[in-house]
Amino acid sequence: MASKTNPFTFLQQVRSETAKVVWPSRRETVISTLMVMVMVVVAALFFFAADQLMSWGMNFILNLGA
């Protein structure tokens, strides 16, 4: 069972824990953002190509009987 603390003590503990957080630098944030954007483009191209290939395959199979 959690011990009861008053709101002032809780806020002090939150500030103490927040001070321990190591925040990324601006350079790290920019590099990470660019990496995410590149991976989004790569994934979009992959899924577009896969969709086109499956569409071509389905059309080929369905047109065999015609």
Side-chain angles (χ1 to χ4, degrees):
M1 187 167 168
S3 64
K4 295 191 182 221
T5 57
N6 64 24
F8 182 71
T9 304
F10 174 74
L11 290 175
Q12 283 181 328
Q13 292 172 350
V14 169
R15 284 192 66 182
S16 172
E17 291 298 318
T18 305
K20 296 177 187 177
V21 174
V22 179
W23 298 100
S25 67
R26 182 175 189 87
R27 184 174 187 272
E28 290 172 332
T29 304
V30 169
I31 289 172
S32 297
T33 302
L34 290 175
M35 288 173 55
V36 168
M37 288 182 182
V38 167
M39 290 307 297
V40 165
V41 169
V42 169
L45 291 173
F46 170 77
F47 287 114
F48 176 76
D51 183 52
Q52 292 300 312
L53 185 63
M54 286 185 270
S55 175
W56 177 80
M58 289 300 294
N59 284 333
F60 179 76
I61 291 170
L62 293 174
N63 288 330
L64 283 178

Side chains of residues 29-55: which donor-acceptor partners sit under 3.5 Å, not counting sequence neighbours?
residue: Thr29; atom: OG1; partner: Ser25; partner atom: O; Å: 2.9
residue: Ser32; atom: OG; partner: Glu28; partner atom: O; Å: 2.9
residue: Thr33; atom: OG1; partner: Thr29; partner atom: O; Å: 2.8

Among pairs that include at least one residue of residues 8-37, which meet ring-ring contact (aromatic ring centres under 6.0 Å, His included), considering only residues two or more places apart or in two chains?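 Listed by first then second residue: nothing to list.
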All N/O donor-acceptor pairs, side-chain side in residues 13-22, below 3.5 Å, sequence neighbours left out:
residue: Glu17; atom: OE2; partner: Lys20; partner atom: NZ; Å: 3.1
residue: Thr18; atom: OG1; partner: Val14; partner atom: O; Å: 2.7

Can you list everything that forms a side chain to side chain donor-acceptor pair (under 3.5 Å) with Asn6? Sequence neighbours excluded, please.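 If we apply the side chain to side chain donor-acceptor pair (under 3.5 Å) test to Asn6, skipping adjacent residues, the hits are Thr9.
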